[in-house]
Participant: 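Got a structure for you, questions after.
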Amino acid sequence: MSTTRSQSEFLALRTKAIESLMVEKGLVTADVIDDVVRVYEQEIGPLRGASIVARTWADPEYKRRLLEDGTAAMKELGIQGFAASIMVVLENTPKVHNLVVCTLCSCYPWAVLGLPPRWYKSPAYRGRVVRDPRGVLREFGIELADDVEVRVWDSSSEVRYLVLPERPEGTEDLSEEQLAALVSRNAMIGTAFADRPAS
């Protein structure tokens with residue numbers, strides 16, 4: 001489900017052309033664009049989602065509240081508002097693997113995952129993952145046993161989802177910050193597992 005180099009180059013050029021046109025027409029300044037990118041990369045991005053996951057791994061009571069009402073539990077951490085108005089958290093277990101898609105467009109929890117990856121918005125991912133989730137997961141390097149149930153969740157503008165990946169073995173003594181470093185954006189969409197700590 002990767003984007004080819006030529007596709008990436010085309011999209012980068014198209015993005016740059018749109019930015020240049022908006023700046024030339026005085027609709028926005030280059031500084032504003034840089035600031036928006038910085039905010040999504042450093043303040044809103046997947047680090048917020050990873051910190052939520054790390055908190056659940058370290059605090060079973062917080063995990064219970066998050067699974068019960070994701071929106072309310074995220075507010076406890078100061079995460080609310082844009083693109084996080086209704087959040088449902090789905091727990092991966094040894095017997096259930098959750099996977100998120102938006103079949104109609106690209107609804108995505110920006111407030112906790114940052115900017116969506118290109119493949120998440122692609123018709124190929126949106127169309128195939130509901131018909132052949134195991135095949136799509138295989139392309140991401142995930143091979144699930146036959147007795148693991150795969151659940152596909154369709155995001156919308158009203159409800160968005162965050163996958164709570166399984167906590168890797170050997171992480172019992174790690175701090176929340178160290179745990180968060182093991183959690184990728186893809187793991188919170190369901191197309192990856194959480195990383196294992198380096199031995």
Side-chain angles (χ1 to χ4, degrees), residues 1-54 70-71 74-75 77-88 99-131 133 135-137 139-142 152-163 165 177 180-192 194-195:
M1 209 46 54
S2 61
T3 304
T4 64
R5 182 176 176 183
S6 62
Q7 287 174 316
S8 296
E9 290 171 351
F10 170 75
L11 291 171
L13 285 172
R14 188 169 72 170
T15 301
K16 187 66 182 168
I18 292 171
E19 287 179 10
S20 298
L21 187 60
M22 292 176 68
V23 170
E24 283 177 23
K25 296 221 175 257
L27 299 173
V28 67
T29 66
D31 289 343
V32 169
I33 293 172
D34 289 345
D35 196 46
V36 169
V37 171
R38 181 193 59 76
V39 167
Y40 275 96
E41 286 182 346
Q42 299 176 14
E43 297 178 20
I44 298 178
L47 289 176
R48 282 178 128 185
S51 69
I52 293 169
V53 172
T71 307
M74 288 184 196
K75 280 184 183 176
L77 303 181
I79 300 171
Q80 58 185 325
F82 179 64
S85 55
I86 300 177
M87 287 291 301
V88 175
L99 185 58
V100 180
V101 66
C102 176
T103 56
L104 292 178
C105 50
S106 58
C107 293
Y108 183 82
W110 290 29
V112 291
L113 295 185
L115 298 174
R118 288 189 183 114
W119 56 260
Y120 185 86
K121 298 181 282 186
S122 73
Y125 177 77
R126 289 158 42 202
R128 283 193 54 223
V129 76
V130 293
R131 297 192 315 270
V136 171
L137 286 171
E139 292 176 18
F140 280 97
I142 293 184
V152 179
W153 301 83
D154 195 0
S155 286
S156 69
S157 57
E158 287 80 31
V159 180
R160 299 177 190 209
Y161 300 97
L162 175 75
V163 173
E177 184 177 356
L182 303 176
V183 183
S184 68
R185 174 200 62 205
N186 286 12
M188 294 180 282
I189 295 173
T191 55
D195 293 335

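A quick note: this is a predicted structure, and the numbers were derived from the prediction, not measured.
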Participant: Find the distance between OG (Ser157) and CD1 (Ile86) and round it off to the nearest 0.5 Å.
Facilitator: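 Ser157 OG to Ile86 CD1: 9.0 Å, rounded to 0.5 Å.
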Participant: Could you check whether any side-chain heavy atom of Val53 comes within less than 4.5 Å of a side-chain heavy atom of Leu182, counting everything from C-beta outward?
Facilitator: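 Not in contact.
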Participant: To the closest 0.5 Å, what do you measure between CG (Leu113) and CG (Leu47)?
Facilitator: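 The CG atom of Leu113 sits 11.0 Å away from the CG atom of Leu47.
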Participant: Tell me the closest heavy-atom pair linking Pro133 and Leu99, and the distance in Å.
Facilitator: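 Nearest heavy atoms, Pro133 then Leu99: CB-CD2, 4.1 Å.
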Participant: Enter the distance from Cys105:SG to Lys121:NZ here, rounded to the nearest 0.5 Å.
Facilitator: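 Reported value, rounded in 0.5 Å steps: 11.0 Å.
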Participant: Where do Ala50 and Ala180 come nearest, in terms of heavy atoms and distance?
Facilitator: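 Scanning both residues completely, I find the closest heavy atoms to be CB-O, 3.5 Å.
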Participant: I'd like to check Leu162 versus Pro109 (side-chain heavy atoms, cut-off strictly below 4.5 Å). Are they in contact?
Facilitator: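 Answer no - side chains too far apart.
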Participant: Using the test side chain to side chain donor-acceptor pair (under 3.5 Å), find all partners of Thr29 that sit at least two apart in sequence or belong to another chain.
Facilitator: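 Testing Thr29 for side chain to side chain donor-acceptor pair (under 3.5 Å), a comparison that skips the adjacent residues, returns none.
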Participant: Could you give the side-chain donor-acceptor pairs of residues 183-192 under 3.5 Å, partners two or more places apart or in another chain?
Facilitator:
unit_1, atom_1, unit_2, atom_2, d
Ser184, OG, Ala187, N, 3.1
Thr191, OG1, Asn186, O, 3.4

Participant: Val130 and Asp154: side chain to side chain contact (heavy atoms under 4.5 Å, CB included), yes or no, with the steps?
Facilitator: CA-CA 9 Å; Val130 293; Asp154 195 0; 6.0 Å; no
Participant: Could you check whether the rings of Tyr161 and Trp153 sit parallel, tilted or perpendicular, using 30° and 60° as the cut-offs?
Facilitator: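 The arrangement is tilted - the two ring planes meet at 30° to 60°.
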Participant: With sequence neighbours left out, what residues match Val163 under side-chain contact (heavy atoms from CB on, under 4.5 Å)?
Facilitator: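 Here the qualifying residues are Asn92, Asn98, Val100.
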Participant: Mind telling me whether Tyr125 and Tyr120 have parallel, tilted or perpendicular rings, with 30° and 60° as the class edges?
Facilitator: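 Tyr120 vs Tyr125 ring planes: tilted.
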Participant: Residues two or more places apart in sequence or in another chain: which of them pass side-chain contact (heavy atoms from CB on, under 4.5 Å) with Ile18?
Facilitator: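 side-chain contact (heavy atoms from CB on, under 4.5 Å) check on Ile18 returns Arg14, Met22.
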Participant: What are the two closest heavy atoms between Cys107 and Ser156, and how far apart are they?
Facilitator: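 Closest approach of Cys107 to Ser156, heavy atoms only: SG-C, 3.4 Å.
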Participant: So, the side chain of Arg160 versus the backbone of Tyr108: is there a donor-acceptor pair under 3.5 Å, distance only?
Facilitator: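 Answer holds: yes.
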Participant: Sequence neighbours excluded, which residues qualify as side chain to side chain donor-acceptor pair (under 3.5 Å) partners of Asp195?
Facilitator: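 None.
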Participant: Please check if the side chain of Arg126 supplies one atom and the backbone of Val101 the other of a donor-acceptor pair under 3.5 Å.
Facilitator: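 No, the answer is negative, given that no donor and acceptor are paired below the 3.5 Å cut-off.
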